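Heads up: the structure comes next, in structure tokens.
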There are 2 protein chains.
Amino acid sequence: MRSTRPEDATTAARIRDAAVARFGAHGYADTTLREIAADAGVSAALVVHHFGSKEALRQACDDWLVRELMGEKDRLDQPAVAATIREWLDDPGRFRTSIDYLAVMLADDTPGGARLFDLLLDETRAMLERGVADGSMRDSSDPELRAVLITSYGLAPLLLRSQFARVLGTPIDSAAAVRRMTLPTLEFYTHGLYADARLLDAAREALDAASETHAPEPRRADPAPRVRSDKGPGNPVQDPDPPVGDPARD
Amino acid sequence: MRSTRPEDATTAARIRDAAVARFGAHGYADTTLREIAADAGVSAALVVHHFGSKEALRQACDDWLVRELMGEKDRLDQPAVAATIREWLDDPGRFRTSIDYLAVMLADDTPGGARLFDLLLDETRAMLERGVADGSMRDSSDPELRAVLITSYGLAPLLLRSQFARVLGTPIDSAAAVRRMTLPTLEFYTHGLYADARLLDAAREALDAASETHAPEPRRADPAPRVRSDKGPGNPVQDPDPPVGDPARD
DNA sequence: GGAGTCATTGAACGCGCGTTTAGTATCCTG
DNA sequence: CAGGATACTAAACGCGCGTTCAATGACTCC
């Protein structure tokens, strides 16, 4: 029913598939073992028997997704764009489950999400290096950061897929959405947004100027360094955020 | 107490602030009313007394965030959400909490998240129209979709802020990160990625070729998509592709 | 054919959740 | 100062969660 390859239809694989689907659709916290078990046609106890715990099940799903993506890695080479686009349009639904789960992994900031992001980043970086080497892509003043940026740009429509779907009126994994998104995206990647380099030049100047002092941002009417104000010594601290505020927390 | 404006320090406001912080840091599902109550220095029952339920509390937080952003709307003069957000980040302590909560709203696909996305989209669209009108920005074959794309590109670093922090070695709401991100982002927005239009042309061809087979309807009244076509008959429309993070493919 | 392993289950356990309740201070109003 | 609203709490309730447990087959190996 849900398994792509019938030979994968061992019970554990069926449970894992159901878990990926549920986690991808409703998130980890909002999915119960009993739901997953029901989807797979087994008891909740069996899920634990096979995977140990809910968290271990998630890790198994993470591993599966990473392997699944690695398997597709060769497809990432040599962008014969025309062929690739056709292929998407011809292969509907194949990756939808994985994509939903991927988005959940990245959004939940799990260790698996970090692994996955690094994987995609490596791929993107390699692609950019090839492109720069063969002259098909521009060079960058900060190739590593550009790789991170472009990776995140590629992920953005996935992470915001429900907003895209709402605004476009069709799911982003529909042929219609892919078709509509292709050209504007490539236009942007080819010509950029700005008609000239005025802003870029202005930013270069501003950054050069700023790097002479150690002060940030001359741009606004407030030259005073407003560095990291909160949590300062004058803070009475009723405490409402514990270790918050640092994305690398927990 | 922790609130920006001391007159907001009513108990309900303190609870709401604590909720925004917790929800932003750990997500809605993983936050308990008792935690929020403890942060605000009150009992869990009082939270319900003031807001009615956990879900109603979330909605109050959503409303607060939207109003907070609307208040900053005049500042949204700058080009591109990316730049705007960077501007917020120049003022680190002030918006960090809101930004975390914003990311959670969008990721959780709540009604408030839709409202917020539409708000940002409107802002971006207006900015693009102004830019095109005064010649500082290029035109697009599909302005509406481009607005959605650029909005999502601006949000991407926020949604993936933990990955950015990990890879860059510094939180994205640090002056260092902002400084490092500025130039590559503007380079990309100014010159694009590709050195020539080969890929773009190839995609145009591919889409034209695919459009031999009749078309679906654009949902909206605005700019008609120039690409149309539907792939085959009997197609359970949806589609494909994990190779995210790879621009050559979008 | 009995011992041993493994897949599988229904029932139960304990916990922590959101929420309810019943009550107590505190303040406002006339 | 009576009286009612309001702010607030401790305790409890019921539910559903992840997990455990004991039992039942089914299959394998000598």
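It should be emphasised that the depicted structure is a prediction, and the values quoted were computed from it without experimental measurement. Keep in mind that the numbers below use all heavy atoms, side chains included, and drop hydrogens, waters and symmetry copies. Order of the sequence lines sets the chain letters (A, B, ...), proteins ahead of strands, with each chain counted from 1.
- Between Y28(B) atom OH and dC17(C) atom P the separation is 14 Å, expressed in whole Å.
- Each of dT19(C), dA7(D), dA10(D) was ranked by its minimum atom distance to the side chain of A44(B); first place goes to dT19(C).
- Distance, R14(A) CZ to dA7(C) P: 13 Å, rounded to whole Å.
- Here T32(B) lies in heavy-atom contact (under 4.0 Å) with sugar-phosphate atoms only.
- The residue H50(A) sits close only to the backbone: its heavy atoms come under 4.0 Å of sugar-phosphate atoms, none of a base.
- Between R34(A) atom CZ and dG16(D) atom C1' the separation is 7 Å, expressed in whole Å.
- Closest to the V48(B) side chain, of the nucleotides dT9(C), dA10(D), dT19(C), is dT19(C).
- Rounding to whole angstrom units, CG of residue L46(A) and P of dT9(C) are separated by 5 Å.
- Computed from coordinates, the F51(B) CZ to dA7(D) C1' distance equals 14 Å when rounded to whole Å.
- The distance between atom CG of L57(B) and atom C1' of dT19(C), rounded to the nearest whole Å, is 14 Å.
- Side chain of A45(A), nearest nucleotide from dC21(D), dT19(D), dT9(D): dC21(D).
- D122(A) and R125(A) are joined by a salt bridge, as a carboxylate oxygen and a charged side-chain nitrogen come within less than 4.0 angstrom of each other.
- For L33(B), counting side-chain heavy atoms from C-beta on, the closest listed nucleotide (dG18(D), dC8(D), dG18(C)) is dG18(C).
- Using a 4.0 Å cut-off between a side-chain N of Lys or Arg and a carboxylate O of Asp or Glu, R115(A) and D62(A) do not qualify as a salt bridge.
- Per the geometry, CD belonging to E55(B) stands 15 Å off C1' belonging to dC17(C), to the nearest Å.
- Nearest nucleotide to the side chain of V42(A), out of dT9(C), dA10(D), dG18(C): dT9(C).
- The residues R161(B) and D100(B) are annotated as salt-bridged, a charged nitrogen and a carboxylate oxygen being separated by less than 4.0 angstrom.
- Between R22(A) and D39(A), at least one side-chain N (NZ, or NE/NH1/NH2) sits under 4.0 Å from a carboxylate O, which counts as a salt bridge.
- The separation between H49(A) atom NE2 and dC6(C) atom P is 9 Å, rounded to whole Å.
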